[in-house]
Amino acid sequence: MSLDASAITKIEELCNSGSLETPIPSMIIPSGNKLQNLESLMHNPCRMRQRYTTERIPDFVRYVNENVCEGSTVTYVSPDGASAHAIIDHGTHQDPEWGDHTADLALVKTTAYQALEKLCAQPRKQQDLIDYLEDWGKPGFVECLVNGQPVAASVAIAAIRRVEINAKASTTHEQNDFRASRTAMEEIEAKAAEGSMPGHIRLYSPVYVGTEERVIYIRIGITPIDDKPAFRLRIMQVETMQEAIAREVEERLQAELHTCQVYIGTVNR
């Protein structure tokens with residue numbers, strides 16, 4: 001009795017089927033000879049594949065310490081200190097690992113700093129600045145400074161309410177806290193109550209939740225917009241502040257993460 005071609009092919013498939021010697025149990029399936037991953041049928045997976053994310057430094061530190069692989073785990077802190085990325089199974093050049101198990105720290109800005117950034121984002125009307133000081137102007141939290149000396153928020157608010165814009169003929173080109181030239185022949189002058197108009201604000205607050213409290217200085221300038229006073233606020237020395245925050249987060253993670261290399265920078269895999 002002779003066999004047709006389809007019968008011979010079927011016999012070959014049955015003879016060739018079987019398991020392979022690999023770290024992940026696999027089997028050649030007769031139809032098409034495809035490699036089938038059988039890890040999903042195992043009682044336990046072959047390795048950890050998960051990503052943990054948190055906004056809190058203590059939780060990030062605890063998770064990494066509880067899962068750290070000595071000599072393998074690496075943590076990267078972003079240059080601005082706002083985030084960190086830990087690769088639990090990073091491995092080494094001699095013994096690289098898959099990097100499937102990671103932990104991410106994404107710090108959140110405090111509500112006080114968010115309110116300040118919103119205020120500084122664009123020129124503000126008198127009422128906008130008054131509303132901010134009414135909400136946040138508390139002793140030891142937000143202070144208004146006149147000639148470098150703190151004054152009560154109520155005093156500063158009263159002065160802001162009385163700011164006026166006057167136009168007069170002039171050839172002066174001058175730019176300072178309370179004066180800005182509009183054209184070569186017309187000068188805009190912002191007038192406030194003498195000795196009570198704040199030139200700076202001082203905020204006592206962490207930038208990110210869980211980081212150290214900082215003293216943040218904000219410069220106040222007045223500029224006319226449509227013949228009405230508008231306030232421009234600028235956070236001073238932002239770059240220096242971000243560098244200090246990055247050092248703070250790096251030093252804290254260096255001290256609290258056990259047997260884990262910590263670097264400033266980012267990584268892509």
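One-based numbering along the sequence shown.
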Q: Kindly write out the residues that satisfy salt bridge (charged side-chain N to carboxylate O under 4.0 Å, His left out) with Arg252, not counting sequence neighbours, or none if the list is empty.
A: Glu256

Q: Applying salt bridge (charged side-chain N to carboxylate O under 4.0 Å, His left out), name anything that partners Glu134, two or more places apart in sequence or on another chain.
A: Arg161

Q: Report the hydrophobic cluster partners of Val108, with the cluster defined as I, L, V, M, F, W, Y residues connected by side-chain heavy atoms closer than 4.5 angstrom, directly or transitively.
A: none

Q: Report the hydrophobic cluster partners of Val68, with the cluster defined as I, L, V, M, F, W, Y residues connected by side-chain heavy atoms closer than 4.5 angstrom, directly or transitively.
A: none

Approximate separation, where rounding is to 0.5 Å, of [X] [atom1] and [Y] [atom2]:
| X | Y | atom1 | atom2 | answer |
| --- | --- | --- | --- | --- |
| Gln127 | Tyr132 | CD | OH | 15.5 Å |
| Leu105 | Glu55 | CG | CD | 9.0 Å |
| Thr53 | Asp104 | OG1 | CG | 5.0 Å |
| Arg219 | Ile235 | CZ | CD1 | 14.0 Å |
| Phe231 | Gln122 | CZ | CD | 15.0 Å |
| Thr111 | Leu116 | OG1 | CG | 11.5 Å |

Please name the pair of heavy atoms, one in [X] and one in [Y], separated by the smallest distance, quoted to 0.1 Å.
| X | Y | value |
| --- | --- | --- |
| Ile225 | Pro123 | CD1-CB, 3.8 Å |
| Gly210 | Ile57 | O-CD1, 4.2 Å |
| Ser205 | Tyr113 | OG-N, 4.5 Å |
| Val207 | Met241 | CG2-SD, 3.7 Å |
| Cys260 | Leu257 | CB-CB, 4.1 Å |
| His90 | Ser72 | CB-O, 2.8 Å |

Q: Determine, stepwise, if the pair Gln261 / Thr75 fulfils side chain to side chain contact (heavy atoms under 4.5 Å, CB included).
A: CA-CA 6 Å; Gln261 296 293 325; Thr75 297; over 6 Å; no

**Q.** Qualifying residues under side-chain hydrogen bond (donor to acceptor under 3.5 Å, both in side chains), relative to Ser83, sequence neighbours excluded
**A.** Ser78

Q. What residues form a side-chain hydrogen bond (donor to acceptor under 3.5 Å, both in side chains) with Thr211, not counting sequence neighbours?
A. none

In terms of hydrophobic clusters joined by side-chain contacts under 4.5 Å, are [X] and [Y] together?
| X | Y | result |
| --- | --- | --- |
| Met236 | Leu203 | no |
| Val142 | Val238 | yes |
| Leu145 | Ile216 | no |
| Tyr208 | Tyr204 | no |
| Phe141 | Leu129 | yes |

Minimum side-chain heavy-atom gap [X]-[Y] below 4.5 Å:
| X | Y | answer |
| --- | --- | --- |
| Ile245 | Asp80 | no |
| Val262 | Val74 | no |
| Leu133 | Cys144 | yes |
| Val146 | Val155 | no |
| Met197 | Ile160 | yes |

**Q.** Pairs involving residues 117-132, ordered by first then second residue, that meet salt bridge (Lys or Arg N to Asp or Glu O under 4.0 Å) (sequence neighbours left out)
**A.** Lys109-Glu117

Q) If you look only at pairs with a residue in residues 200-209, which of them pass as a salt bridge (Lys or Arg N to Asp or Glu O under 4.0 Å), with sequence neighbours excluded? A) Glu143-Arg202

Give a yes or no on whether the backbone of [Y] and the side-chain of [X] come within a donor-acceptor separation of less than 3.5 Å.
| X | Y | result |
| --- | --- | --- |
| Asp59 | Thr54 | no |
| Thr73 | Ile88 | yes |
| Asp226 | Lys228 | no |

Q. Do Asp89 and His101 meet the criterion of a side-chain donor-acceptor pair at a distance under 3.5 Å?
A. no

Q. Does Ala153 have any side chain to side chain contact (heavy atoms under 4.5 Å, CB included) partners at least two apart in sequence or in another chain, and if so, which?
A. none

(Q) Holding to ring-ring contact (aromatic ring centres under 6.0 Å, His included), I want the full list of residues that pass it with Tyr217, two or more places apart in sequence or in another chain. (A) none

Q: Check ring-ring contact (aromatic ring centres under 6.0 Å, His included) between Tyr52 and all other residues, then give those that pass, not counting sequence neighbours.
A: Tyr63

Q. Which pairs pass side chain to side chain donor-acceptor pair (under 3.5 Å) with one or both residues in residues 229-251, sequence neighbours excluded?
A. Arg214-Glu248

